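As structure tokens, the structure follows; a few thoughts come after it.
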Amino acid sequence: MSNGKRTITSFLVYADPAIKNSLSYLFSVVLKLEFDGCVSADDVARRLHRGAAPHLVFVDMTHDVPQALESIRQLRSYAADSVIIAMQRPDSRSGCDAFIAGASDVVVWPCNLRELAARLMVRLSQTPGTDLFPDETTDWDAEAYITSRASLTVSEAQVMRVLYAHDGKIVSRDEMSLAVDARPWRYGDRKFDVHVAKLRKKLSKTFGDGILVSTVRSSGYRLCTGGANIFELS
């Protein structure tokens with residue numbers, strides 16, 4: 001499940017858009033893996049008929065628990081080897097029922113995305129590495145929130161998360177290119193200039209002066225939050 005591999009596929013049987021947005025950010029932006037949101041287990045089944053079973057399936061149990069349990073049972077019959085993760089509310093007592101229905105694991109939602117990623121790696125028999133979990137503290141949940149609120153594209157979100165990890169500091173074009181594309185920046189390439197310009201407009205429209213993005217002449221880019229609580233910004 002490293003950034004350079006795209007062999008792990010995942011589906012979400014969902015009812016809550018917040019879960020879809022967060023998981024989409026986790027997979028598409030952070031892990032850089034395939035992710036697809038589906039409305040129902042039948043929707044997943046139709047897609048399975050057109051291709052191989054996904055490695056991961058998430059089932060939203062935060063709304064209609066009986067329907068979610070039925071979805072888990074159906075999915076287990078469609079994809080016997082898939083890892084099925086049930087997402088339940090903190091006050092729910094349906095975790096045992098989810099396991100009986102065929103779930104591989106039950107996660108309380110909302111949950112910490114970094115912890116969720118580590119759990120998934122273990123479920124997929126992979127060891128969390130320092131390339132994905134560096135020593136520095138990062139807040140994937142805040143990043144996902146910004147991405148969702150500002151309606152960022154995957155490319156814009158990838159740029160944003162690099163800048164957010166260096167809040168208040170200048171990120172050079174070379175550093176940005178290595179972080180996003182895993183290659184040195186090439187002189188004359190304006191790719192990140194374009195992304196930053198669009199990012200600046202979207203963040204300004206959504207968060208006002210709470211999140212400021214600037215281009216520093218001959219140096220790179222800088223994002224500043226002033227230490228503000230992202231979740232409290234209007």
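Side chains are part of it too, since the values below use all heavy atoms of this structure and drop only hydrogens, waters and symmetry mates. In this chain, residues are counted from 1 in sequence order. Values in this document were obtained by computation on a predicted structure and should not be read as measured data.
Side chain of W140 to main chain of A144: no donor-acceptor pair is present (N/O by atom type, distance under 3.5 Å, no hydrogens or angles). Put simply, the side chain of Q158 never gets that close to the backbone of S155: no donor and acceptor are under 3.5 Å apart. In this structure, S177 contributes its side chain and R183 its backbone to a donor-acceptor pair below 3.5 Å. The backbone N or O of Q74 lies less than 3.5 Å from a partner atom in the side chain of S77, making a donor-acceptor pair. Side-chain N or O atoms of K202 include none that pairs as donor or acceptor with a backbone N or O of R149 at under 3.5 Å. A donor-acceptor pair under 3.5 Å is absent between the side-chain atoms of Q88 and the main chain of M61, judged by distance alone. Counting only distance, with no hydrogens or angles, the side chain of D60 and the backbone of D16 share a donor-acceptor pair below 3.5 Å. Not one N or O on the side chain of E115 forms a donor-acceptor pair closer than 3.5 Å with the backbone of N112.
Under the 4.5 Å side-chain heavy-atom criterion for ILVMFWY residues, a single connected hydrophobic cluster contains both L33 and V154. One hydrophobic cluster holds both Y145 and L31 under the rule that ILVMFWY side chains link at heavy-atom gaps under 4.5 Å. Hydrophobic clustering, with ILVMFWY side chains joined whenever heavy atoms are under 4.5 angstrom apart, keeps I170 apart from V162.
Between V213 and R222 there is no side-chain heavy-atom pair separated by less than 4.5 Å. The shortest distance between side-chain heavy atoms of I85 and V59 does not fall below 4.5 Å.
Taking all atoms of both residues into account, the shortest heavy-atom contact from V108 to R89 is CG1-C, 4.2 Å. Residues S71 and V13 come closest through the heavy atom pair OG-CG1, 4.3 Å. Smallest separation of non-hydrogen atoms from T147 and A157: OG1-CB, 3.6 Å. The minimum heavy-atom distance linking C111 with D141 is given by the pair O-OD1, 3.3 Å. Nearest heavy-atom pair across W109 and A18 is CZ2-O, 4.1 Å. For the pair L12 and K20, the tightest heavy-atom approach, listed with the atom from each and the gap, is CD2-CA, 3.5 Å.
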Review item, side-chain donor-acceptor pairs of residues 97-106, under 3.5 Å, at least two apart:
unit_1, atom_1, unit_2, atom_2, d
S104, OG, R76, NH2, 3.2
S104, OG, I84, N, 3.0
D105, OD1, R119, NH2, 3.0
D105, OD2, R119, NH2, 2.9

From CA spacing to verdict: side-chain contact (heavy atoms from CB on, under 4.5 Å), M176, L163: CA-CA 8 Å; M176 180 67 72; L163 294 175; 3.7 Å; yes

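Residue S10 forms a side-chain contact (heavy atoms from CB on, under 4.5 Å) with just one option from L56, L26, V83, V57, and that option is L56. None of L212, V196, I211 except one satisfies the side-chain contact (heavy atoms from CB on, under 4.5 Å) rule with L223; the exception is I211.
There is a side-chain donor-acceptor pair under 3.5 Å between R200 and T215. When only modelled atom types and interatomic distance are considered, D193 and Y221 share a side-chain donor-acceptor pair under 3.5 Å.
The aromatic ring centres of F27 and F58 sit less than 6.0 Å apart.
Here the CH2-CZ distance, from W185 to R173, works out to 5.5 Å after rounding to the nearest 0.5 Å.
The residues D181 and K191 are annotated as salt-bridged, a charged nitrogen and a carboxylate oxygen being separated by less than 4.0 angstrom.
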